Amino acid sequence: MSRSKIKSILDHQATDYPASVKGWVRSFRNNQFIALNDGSCQANLQVVIGLETDESIVKRITAGAAIAAHGNIVASLGKGQRVELKADSIEILGDCDGEQYPLQLKNRPSLEYLREIAHLRFRTNTFSAVFRVRHALAFAIHQFFNERGFVYLHTPVITASDAEGAGEMFRVTTLPFDGTPRNEQGAVAFSEDFFGRATNLTVSGQLEAELGAMALGEVYTFGPTFRAENSNTARHLAEFWMIEPEVAFADIHDNMNLAEDFVRYLIRYALEHCTEDLNFLAQRLADEEKNKPQQERSGMGLLEKLTSVAENSFERITYTEAIGILLASPAFKKKKFQYEVKWGIDLQSEHERYLVEKHFGKPVIVRDYPKEIKAFYMRQNEDGKTVAAMDILAPGIGEIVGGSQREERLDKLSQRMEEMHVPHEELYWYLDTRRFGTAPHAGFGLGFERMVQFVTGMGNIRDVIPFPRTPKNAEF
RNA sequence: UCCUCCUUAGCUCAGUUGGUUAGAGCACUUGACUGUUAAUCAGGGGGUCGUUGGUUCGAGUCCAACAGGGGGAGCCA
């Protein structure tokens with residue numbers, strides 16, 4: 001008999017039919033009742049074994065063991081579940097020595113501990129829920145762009161450009177560490193390296209995505225991104241996934257509309273397709289909040305927060321307005337901000353949090369930042385002071401989207417590159433798009449893990465990626 | 001990288017002003033029970049108190065360095 005997924009058994013109303021299931025034992029009660037989970041859904045299937053079951057089998061039904069159960073799906077006699085599998089036979093597929101198995105249903109191992117056994121943490125309710133939601137969001141991303149006619153463009157993971165200015169890079173090389181070849185000036189001879197030049201892991205697919213957009217019209221990337229920054233926070237990874245749409249004939253307002261539609265679409269998708277997992281995660285979060293002091297509680301439950309974001313439009317303000325709000329705030333007057341507030345500063349975490357969590361109470365899109373604090377490729381506004389950049393700030397996460405209208409005017413772009421010491425030679429291919437049929441265009445980047453954090457309510461980004469890569473940590 | 005906190009059984013945690021043989025729950029094991037719901041009840045085994053060094057008659061407890069981890073900040077997505 002072929003294996004049935006537990007999800008399909010629980011989803012269907014029928015009873016009194018034969019079925020086989022395979023999964024991992026979550027708990028074994030009364031030498032008779034197995035709570036079995038196969039990863040297809042949050043809920044367990046109760047498998048009931050007969051009293052005549054061979055004792056040598058019964059002894060091997062331990063928490064964590066992999067088993068197969070064959071029998072009939074029947075209406076449950078007990079109270080906690082609608083149906084159960086009345087087993088005729090049990091097969092032990094893989095034993096699990098409970099004395100050494102670190103996961104026990106009753107012990108509530110901490111997220112920090114589970115991070116150290118990331119190879120086993122998928123077996124917990126929390127992580128299986130998080131990774132099912134992560135999958136759903138990844139799928140929804142492709143669906144969103146596909147519905148709108150975007151082309152999924154695979155930009156390179158290995159890049160020769162180090163002029164993107166998006167952060168420290170990981171070097172990619174096959175040169176030996178001992179006896180590294182040197183040129184006549186004594187510098188490392190990258191001409192002898194695999195690609196004949198210095199190469200790195202990508203920090204962004206944006207520049208390449210722009211090339212695609214200037215022919216295909218609307219493209220997006222969705223792939224791994226690498227930053228060799230020594231960042232030790234709950235919001236940073238050395239290897240993370242990023243989505244970068246790029247749209248020809250679009251301005252900053254089209255860009256904000258797309259980004260807002262996108263974020264709200266993803267949340268609606270999760271609410272519709274991950275109800276059970278989100279309910280579980282919401283409950284988990286609520287339990288966690290109970291142990292926090294009153295002041296640190298968020299006040300809104302996970303589902304309320306997601307529903308509110310999905311149903312209400314984001315606040316849109318300019319950078320100049322944001323500075324005005326901060327300067328007029330009670331927090332500023334009481335000198336609550338650690339960092340200075342004045343026109344020209346980069347907004348600090350505390351400023352973003354004030355705007356999003358205290359002042360507006362919902363996601364905020366801030367646009368038209370001072371050109372000095374933004375990248376060379378952002379389009380210069382008429383005022384000569386600002387660029388058409390926009391960031392979406394989300395409650396609890398901070399910056400979740402960063403984007404801009406791109407500078408399509410060759411002279412302006414060229415001039416800005418000179419001012420910011422970005423070498424023209426290395427980016428001739430980028431500049432060519434401005435030489436040959438340039439057009440207004442815009443795009444943004446969305447940090448996938450930050451989106452997963454927002455939807456699942458997980459506080460640490462290391463808990464929403466299967467195998468986190470952070471400074472001093474590349475285990476598994 | 002900076003500030004700060006933590007590290008005691010497989011897991012979650014107690015351990016008082018430095019003082020006898022370091023405790024509990026879960027897990028494991030032996031037995032009982034058999035429609036349980038984190039099953040329950042009774043007995044049992046299980047410890048290099050992160051590592052190294054120091055102070056002291058005596059260190060899980062005090063001090064230092066190192067390692068690992070958490071929280072906050074910077075950089076950013």
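Order of the sequence lines sets the chain letters (A, B, ...), proteins ahead of strands, with each chain counted from 1. Given the structure is predicted, the values throughout are model-derived calculations rather than measurements. All values below come from the heavy atoms of this structure, side chains included, with hydrogens, waters and symmetry mates left out.
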As a test of reading the structure: which of U1(B), C75(B), G10(B) is closest to the side chain of Pro102(A), going by heavy atoms?
G10(B)
Could you work out, with ring pair (Phe, Tyr, Trp, His ring centres under 6.0 Å) as the rule, every residue matching Tyr113(A), not counting sequence neighbours?
none
How many angstroms lie between atom NE2 of His236(A) and atom CZ of Arg462(A), to the nearest 0.5 angstrom?
11.0 Å
Charged N to carboxylate O under 4.0 angstrom, Glu350(A) versus Arg353(A)?
no
Taking for each residue the nucleotide of RNA chain B with the nearest heavy atom, is it Thr62(A) or Gln81(A) whose nucleotide lies nearer the 5' end?
Thr62(A)
Using a cut-off of strictly less than 4.0 Å between a heavy atom of the residue and any atom of RNA chain B, enumerate the qualifying residues of residues 31-46 of chain A by number.
Asn31(A), Gln32(A), Phe33(A), Gln46(A)
Does OP1 or OP2 of A39(B) have a side-chain N or O of Lys79(A) closer than 4.0 Å?
no
So which heavy atom on Gly344(A) is nearest to which on Pro370(A), and how close?
CA-CG, 4.0 Å
At under 4.0 Å between heavy atoms, which parts of nucleotides 65-72 of chain B does protein reach? Answer with one letter per nucleotide, 5' to 3': B base, S sugar-phosphate only, - none.
----SSSB
A39(B), OP1 or OP2 - any side-chain N/O from Arg29(A) closer than 4.0 Å?
yes
Taking for Asp391(A) and for Pro109(A) the nucleotide of RNA chain B with the nearest heavy atom, the one nearer the 5' end belongs to Pro109(A)
Can you classify the ring geometry of Tyr319(A) versus Trp343(A) as parallel (below 30°), tilted (30 to 60°) or perpendicular (above 60°)?
perpendicular
salt_bridge(Glu449(A), Arg134(A)) N-O dist < 4.0 Å:
yes
Would you verify whether the NZ or CZ of Arg148(A) falls within 45 degrees of the ring axis of Phe144(A) while also being under 6.0 Å from that six-membered ring's centre?
yes
Check this for me: does the side-chain of Ser231(A) come within 3.5 Å of the base of C75(B) through a donor and an acceptor?
yes
When you measure from the centre of the six-membered ring of Phe376(A), is the NZ or CZ of Lys371(A) under 6.0 Å away and within 45° of the axis?
no
